[in-house]
Novice: 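Handing you a structure now.
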Protein chains: 2
Amino acid sequence: MKPCIEDERILKQRFLALRDTLDLLSGKWRFCILLNLHYYEKLRFKDFFEVSKGISPKVLTSELATLEAHSLIEKNIEFTPTKDITYYRLTKHAQEIWHVLNTLIEFGLSNRKEVISKLI
Amino acid sequence: MKPCIEDERILKQRFLALRDTLDLLSGKWRFCILLNLHYYEKLRFKDFFEVSKGISPKVLTSELATLEAHSLIEKNIEFTPTKDITYYRLTKHAQEIWHVLNTLIEFGLSNRKEVISKLI
DNA sequence: CAGTATCCAAAGGGATACTG
DNA sequence: CAGTATCCCTTTGGATACTG
């Protein structure tokens, strides 16, 4: 079985890029966090417990760290006379992700339609 | 914290659709199988062990079953005088998935560029 | 409030032997 | 050849108590 691929190097890069993106979105909470940051613009650590119901602090910490490491979210500190408040926001770069999520959503909708039509 | 969403029903559907798609692609082997079927057009059970190196028969069985349940692949049997051969193929509907995968790939590439540029 | 630390349960996946 | 069955390990995520 010979491969039908011309340039294996480029193919491999694309393969890794795909894996990257899937790893990034696959966590149980990751895209949920992104969606919420999209709607609310900025959120504090405690806010996530309200909007992403069921997440635990340990998991939240690790998910936020991952997203930050991938430059999708960033921490901002607002200094006030009495206290400093840390907020999480989407980065500019993360805006690109809406296109991705919409594509996934459209496929999901059409796939569901397809699956259901087979059942009926 | 009040939601900034008008039509919660539609939002929920889109959310579920997103989850569907992610679940579908998240498995370690799922999109690998789809890619291979795309390149080779049809594959037998045994062929997958050659092209998706490292997959075990148990896992392969379950991944194929899932993909078939979602109408992304289908089984065809070719009847010959001596024996019947079962092939797996992509369904017509699965063609849509290339658009999805390409979007994920493009994002992965641009994300990697973004992450690397932060490191330098 | 913003996390850490600890312990635990469930799921995903790997290796391999077996069956029709 | 096309799968099943079995056993085991690692990863992921959940509950909760604790700390600066």
Novice: Would you say CD of A/E41 has more than 12 non-hydrogen atoms from neighbouring residues, nucleotides or ligands within 6.0 angstrom?
Specialist: no
Novice: Rounding to an integer number of Å, can you tell me how far A/E68 CD sits from C/dA2 C1'?
Specialist: 14 Å
Novice: Considering just the side-chain nitrogens and oxygens of A/R44, establish if one lies under 4.0 Å of OP1 or OP2 belonging to C/dA2.
Specialist: yes
Novice: Checking the side chain of B/R30 only, and the main-chain atoms of B/D23 only, is there a donor and an acceptor separated by less than 3.5 Å?
Specialist: yes
Novice: Examine C/dG14: is either OP1 or OP2 under 4.0 Å from a nitrogen or oxygen in the side chain of B/K28? Give yes or no.
Specialist: yes
Novice: Do the ring planes of B/F48 and B/Y88 sit parallel (below 30°), tilted (30 to 60°) or perpendicular (above 60°)?
Specialist: perpendicular
Novice: Between atom CD1 in B/I73 and atom C1' in D/dA2, what is the gap in whole Å?
Specialist: 14 Å
Novice: Can you find a side chain N or O atom of B/W29 that sits less than 4.0 Å from OP1 or OP2 on C/dG12?
Specialist: no
Novice: Does D/dG3 have its OP1 or OP2 closer than 4.0 Å to a side-chain nitrogen or oxygen of B/K75?
Specialist: yes
Novice: Quick one: which of D/dG13, D/dA2, C/dT16 gets closest to the side chain of A/E63?
Specialist: D/dG13
Novice: Applying a 4.0 Å non-hydrogen cut-off, can you work out what A/Y88 is touching in the nucleic acid: base, sugar-phosphate, or nothing?
Specialist: sugar-phosphate
Novice: On a plain distance test, is the side chain of B/K58 in donor-acceptor contact with the base of C/dG14 below 3.5 Å?
Specialist: yes
Novice: Only one of B/L67, B/L64, B/V59, B/L60 forms a side chain to side chain contact (heavy atoms under 4.5 Å, CB included) with B/W29, so which one is it?
Specialist: B/V59
Novice: Mind calculating the distance between CZ (A/F49) and C1' (D/dT16) to the nearest angstrom?
Specialist: 12 Å
Novice: Applying a 3.5 Å limit to both distances, which nucleotide forms a Watson-Crick or G-U wobble pair with D/dT4?
Specialist: C/dA17
